[in-house]
Amino acid sequence: MVVGIEHCVYCFDVLVSYLEGRMSLEPEFENHQYPLFVTWNIVNHGQTRLRGCIGNFEPLPLHSGLKEYAITSAIHDRRFSPITLRELSHLTCGVSLLTNFEDAEDYLDWEIGVHGIWIEFVDDHNRRRTATYLPEVAEEQGWTKEEAIDSLLRKSGYNGRITDKIRNRIVLTRYQSAKYVITYQEYLQHVSENLTKHSTKRENRNPKGSNYIVDEFTIDEWN
């Protein structure tokens, strides 16, 4: 399965319809099952800032999974305030479908720019902690492997001193992903082109003198 523009368009439309109080468009892709993440970024004055990113490592049907996490990541990511209508024109949406999960030999057994990483460990208070970074994060931040691991430890909620003893407690799972990103303007363009395409097909199916379907009403243009 290759992730594509149609997955991001669907997530955008789910969010827009949620904010506008309308029904969303039907998905244009097959309903395969994948672990997935939806990422929202906002771009202002050339600067990109994360606005929400949540997903699930369990394989989910793409239709319901993307619909759920498009909203969850945009509205319910506790690190951020909910995304609003006025932000839409500055948003980008990224969809990541996760594949190739592997148990790593240790916390450094992964490649920057290739693998996403999921860590699990037990802290000094016998509390199990987990955290993940998608494959692009370490490379975008310019981190070394150890810097990425230390950042993940903090992301998991661990506030103690980071030592090799703590790092060596980590059970690391590495994975890969296919990702596609679009802007709000690309979403609007895709929807507009599809509406035009469907309208043309509809007209071609209704030759002169036949009934047209317009806004759910049947109109005989020769009456």
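Across all non-hydrogen atoms, the minimal contact from C11 to V95 is SG-CG2, 3.8 Å. Pairing each heavy atom of T39 with each of C53, the nearest pair is OG1-SG, 3.1 Å. Listed here is the closest heavy atom pair of I54 and F37: C-CD2, 3.6 Å. Of all the heavy atoms in L19 and L88, the pair that sits closest is CD1-CD2, 4.1 Å. Here the closest non-hydrogen pair linking I112 and K145 is CD1-N, 3.8 Å.
Shown here are the side-chain hydrogen bond (donor to acceptor under 3.5 Å, both in side chains) partners of K179, two or more places apart in sequence or in another chain: E136. Shown here are the ring pair (Phe, Tyr, Trp, His ring centres under 6.0 Å) partners of Y18, two or more places apart in sequence or in another chain: there are none. A search for side-chain hydrogen bond (donor to acceptor under 3.5 Å, both in side chains) contacts involving E20 returns R22, not counting sequence neighbours. Residues meeting the ring pair (Phe, Tyr, Trp, His ring centres under 6.0 Å) test with Y107, sequence neighbours left out: none. Applying the side-chain hydrogen bond (donor to acceptor under 3.5 Å, both in side chains) test to N168 and every residue at least two apart in sequence or in another chain returns nothing. With sequence neighbours excluded, the residues forming a ring pair (Phe, Tyr, Trp, His ring centres under 6.0 Å) with H63 are F29, listed by chain and number.
Residue pairs meeting the ring pair (Phe, Tyr, Trp, His ring centres under 6.0 Å) criterion with at least one partner in residues 64-89, sequence neighbours excluded, do not occur; the list is empty. Applying the salt bridge (Lys or Arg N to Asp or Glu O under 4.0 Å) test to pairs two or more places apart or on separate chains, those with a residue in residues 38-67 are R51-E87. Legend: ring pair (Phe, Tyr, Trp, His ring centres under 6.0 Å) pairs involving residues 144-179, not counting sequence neighbours, sorted by first then second residue: F57-Y175, F101-Y175, F121-Y158. Residue pairs that meet the salt bridge (Lys or Arg N to Asp or Glu O under 4.0 Å) test with at least one member in residues 152-166, sequence neighbours left out, are D164-R167. Listed by first and then second residue, the salt bridge (Lys or Arg N to Asp or Glu O under 4.0 Å) pairs involving residues 106-122 are D109-R174, E120-R128 (not counting sequence neighbours).
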What do the steps show when you test E28 against H190 for side chain to side chain donor-acceptor pair (under 3.5 Å), and what is the final call? CA-CA 12 Å; E28 301 175 339; H190 185 87; 3.3 Å; yes

Please assess Y10 against L62 for the test side-chain contact (heavy atoms from CB on, under 4.5 Å), listing each intermediate value before the final yes or no. CA-CA 10 Å; Y10 181 63; L62 289 179; over 6 Å; no

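Y184 has its side chain within reach of S89: a pair of non-hydrogen atoms, C-beta onward, lies under 4.5 Å apart.
Panel note: side chain D103, backbone T173; no donor-acceptor pair is recorded below 3.5 Å. In this structure, Q189 contributes its side chain and E186 its backbone to no donor-acceptor pair below 3.5 Å. When atom types are taken as modelled, the side chain of S192 and the backbone of L188 share no donor-acceptor pair closer than 3.5 angstrom. The closest donor-acceptor contact from the side chain of W40 to the backbone of A70 lies under 3.5 Å.
Crowding of R79 atom CZ: a count of heavy atoms from other residues, nucleotides or ligands under 6.0 Å exceeding 12.
Here CG of L15 is found 5.5 Å from CD1 of I75. Values are rounded to the nearest 0.5 Å.
The hydrophobic cluster containing V181, built from Ile/Leu/Val/Met/Phe/Trp/Tyr side-chain heavy atoms closer than 4.5 Å, comprises no other residue.
Under 3.5 Å, the side chains of H45 and Q47 contain no donor-acceptor pair of N or O atoms.
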